[in-house]
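First up is the structure itself, then whatever we jot down about it.
Note that this is a predicted model, so its numbers are computed, not measured. The basis for the numbers below is simple: all heavy atoms, side chains too, and nothing from hydrogens, waters or symmetry mates.
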Amino acid sequence: MPSIVIVGAQWGDEGKGKITDLLAERSDAVIRFQGGNNAGHTIVRDGQVWKLHLMPSGILYPGKTCVIGNGVVIDPKVLTDELEELRRRGVDTGGLRISANAHVIMPYHLMLDTAGEARLGSLQIGTTRRGIGPCYADKAARLGIRVQDLLDEKILKKKIVAALEPKRLSLRPFAKDPKLDLQTMTEDYMTYGHRLEQHIADTTRLVWDLLEDGRQVIFEGAQGALLDIDHGTYPFVTSSNPIAAAACIGSGVGPKDIDEIWGITKAYATRVGAGPFPTEMEGEQGELLRERGGEFGTTTGRARRVGWLDLVALRYAAKLNSLTALAVTKLDVLSGLEELYVCTRYRGAEGAEFDVFPYHQTVLHHATGEYETVPGWEEDLGECRTEAELPQAARDYLAAISDFVGVPVVLVGVGPGREQVIWTEAAQHTIAANALAR
Ligand code: IMP
């Protein structure tokens with residue numbers, strides 16, 4: 001039952017989609033377990049660009065089992081559009097299975113997300129406004145609509161009425177919006193239900209069977225550890241748990257079913273939306289990395305905030321996830337910088353230095369990075385395919401990361417193409433290596 005969880009080790013957008021895509025080719029199934037269409041994966045394959053939001057990354061391989069697990073929140077409009085687009089471009093989507101227990105994003109969730117942000121004013125989180133938070137809130141309040149409800153008109157209508165009741169006041173500004181009409185909403189969502197019906201399944205049992213049959217399974221995380229609702233930079237976080245433990249909850253397996261946990265990190269750091277970011281770069285250098293790294297959101301198009309690599313936060317993410325391996329993406333973006341800064345400590349408001357990720361919000365909000373400098377390199381890395389082909393300074397940079405975090409680097413990204421990766425020596429000891437040798 002070889003299984004690998006892939007998680008973001010920073011604030012999301014680390015390149016999980018590309019790594020999942022690489023591993024998915026030799027795997028039997030890809031399972032998404034949390035988040036929703038706040039995520040966005042860009043996959044470049046044979047010169048074609050694919051932007052996926054809800055679909056597990058393995059969908060581009062014919063016949064692969066792709067599961068949207070119970071922990072995901074699904075906007076059925078987005079999902080049906082994505083399915084249609086994939087089919088139009090000739091992709092076989094027959095392997096998609098959607099958990100009947102996954103929660104559904106309703107039109108009022110989108111409205112409440114936008115209204116909630118407006119109400120917060122300068123304190124806003126900078127959400128993707130996709131209704132993710134309000135949908136998870138309804139799940140916790142036991143007022144959620146689930147995928148299975150889309151197949152029963154009577155139940156659906158009843159549940160919508162119950163969900164709307166406590167929101168009457170906050171939805172008053174949208175009272176005239178036709179999307180909130182009970183009949184329209186019920187009909188629209190029944191239509192989505194019919195369109196998705198062939199894919200709806202008991203996905204928990206399906207994942208058990210896959211594991212029992214010794215299939216290779218990839219659990220594909222969305223967002224990143226520092227956006228975790230429990231362990232991230234609360235309240236500037238997403239509303240689910242993007243850490244490895246959630247792979248179990250969001251799909252229905254126990255922790256013992258997980259064999260390896262890969263954390264994906266960029267060679268620098270980015271963050272979208274508001275919230276503390278101790279290593280944020282100001283000015284020209286930030287602009288330069290943003291342009292070179294194409295740091296604009298797949299989902300919202302927003303310019304990402306850019307910073308130096310934060311090893312304190314990365315070590316924290318390694319612990320939260322019990323990482324067994326690190327994949328470092330976008331190393332090529334750092335070429336041409338004379339010196340690189342890596343954050344190994346924080347300095348607090350009173351000048352105290354500390355080397356652990358602060359649990360207290362006030363401390364975190366005032367923390368700034370303390371750096372060590374390491375030499376940069378001039379060479380373009382796009383053609384490198386082995387560690388030996390990397391400049392010494394780039395190898396030293398990778399070694400510094402894995403030494404500090406205490407987790408081996410198994411994969412390095414040197415460009416956007418799927419062939420632009422380096423499998424390191426350490427990768428020989430992973431399941432993925434065996435899978436790739438299959
Ligand atoms: P929400 O998930 O839309 O509620 O947004 C909450 C926070 O998580 C905001 O700061 C978003 O920018 C951030 N966020 C959500 N999804 C992603 C992602 O896939 N990548 C990066 N940031 C994300």
Side-chain angles (χ1 to χ4, degrees), residues 31-38 53-56 66-84 93-94 96-116 130-172 174-209 239-240 246 249-252:
I31 326 285
R32 268 204 64 182
F33 55 87
Q34 48 73 228
N37 60 311
N38 48 350
H53 296 287
L54 266 167
M55 213 56 81
C66 284
V67 174
I68 299 183
N70 57 277
V72 175
V73 288
I74 298 174
D75 184 329
K77 174 168 183 355
V78 174
L79 184 55
T80 46
D81 284 353
E82 226 163 83
L83 264 170
E84 222 160 85
T93 55
L96 178 69
R97 293 290 174 272
I98 304 165
S99 168
N101 289 347
H103 281 248
V104 174
I105 297 178
M106 303 296 289
Y108 44 85
H109 292 138
L110 293 157
M111 295 169 190
L112 291 172
D113 199 352
T114 304
R130 300 294 193 263
I132 308 291
C135 184
Y136 276 117
D138 266 356
K139 175 178 178 175
R142 275 62 56 84
L143 289 171
I145 313 285
R146 296 189 295 171
V147 167
Q148 57 186 281
D149 301 325
L150 305 184
L151 303 177
D152 186 321
E153 187 171 355
K154 235 165 89 193
I155 288 179
L156 177 61
K157 199 176 260 176
K158 236 169 133 175
K159 290 198 174 181
I160 295 177
V161 171
L164 283 175
E165 177 54 30
K167 301 180 182 63
R168 258 194 297 173
L169 192 64
S170 38
L171 285 173
R172 199 176 281 164
F174 307 97
K176 292 212 165 67
D177 194 316
K179 287 202 248 14
L180 282 191
D181 175 71
L182 179 62
Q183 195 54 36
T184 312
M185 214 179 331
T186 311
E187 280 168 20
D188 286 353
Y189 276 68
M190 286 297 295
T191 307
Y192 294 136
H194 286 309
R195 281 202 208 145
L196 297 175
E197 193 166 2
Q198 56 172 311
H199 300 286
I200 300 173
D202 177 356
T203 52
T204 296
R205 204 162 285 279
L206 172 66
V207 178
W208 293 348
D209 290 346
S239 33
S240 65
I249 296 163
S251 65

Any non-hydrogen side-chain atom of [X] less than 4.5 Å from a side-chain atom of [Y]?
X      : Y      : value
Leu156 : Tyr189 : yes
Leu83  : Leu196 : yes
Asp202 : Asn101 : no

Would you name the heavy atoms of [X] and [Y] that are closest together and state the gap between them?
X      : Y      : answer
Ala100 : Arg146 : O-CB, 3.8 Å
Gly193 : Leu150 : CA-CB, 3.7 Å
Gly252 : Trp208 : O-NE1, 2.8 Å
Tyr136 : Gly35  : OH-N, 2.9 Å
Met190 : Leu151 : CE-C, 4.2 Å
Glu82  : His53  : OE2-N, 3.0 Å

So, does [X] use its side chain to make a donor-acceptor pair with the main chain of [Y] at under 3.5 Å?
X      : Y      : answer
Arg172 : Phe174 : no
Asn37  : Leu54  : no
His199 : Ile98  : no

Hey, what do you get for [atom1] ([X]) to [atom2] ([Y]), rounding to the nearest 0.5 Å?
X      : Y      : atom1 : atom2 : answer
Met185 : Asp177 : CE    : CG    : 9.5 Å
Leu171 : Leu112 : CG    : CG    : 4.5 Å
Asp209 : Thr204 : CG    : OG1   : 11.0 Å
Lys154 : Asp149 : NZ    : CG    : 14.0 Å
Ser239 : Asn38  : OG    : CG    : 7.0 Å

N/O donor to acceptor pairs below 3.5 angstrom from side-chain atoms of residues 66-81, sequence neighbours left out:
residue : atom : partner : partner atom : Å
Asn70   : OD1  : Ser251  : N            : 3.4
Asn70   : ND2  : Ile249  : O            : 3.0
Asp75   : OD1  : Lys77   : N            : 3.0
Lys77   : NZ   : Asp81   : OD2          : 2.8
Thr80   : OG1  : Pro76   : O            : 2.7
Thr80   : OG1  : Lys77   : O            : 3.0

Can you give each donor-acceptor pair under 3.5 Å made by side-chain atoms of residues 102-111, sequence neighbours left out, with the distance rounded to 0.1 Å?
residue : atom : partner : partner atom : Å
His109  : ND1  : Met106  : N            : 2.9
His109  : NE2  : Asp138  : OD2          : 2.9

With sequence neighbours excluded, residues passing salt bridge (Lys or Arg N to Asp or Glu O under 4.0 Å) with Lys157:
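In terms of salt bridge (Lys or Arg N to Asp or Glu O under 4.0 Å), with neighbours along the sequence ignored, Lys157 is linked to no residue.
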Can you spot which of Leu180, Asp188, Thr186 makes a side-chain contact (heavy atoms from CB on, under 4.5 Å) with Thr184?
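Only match with Thr184 under side-chain contact (heavy atoms from CB on, under 4.5 Å): Asp188.
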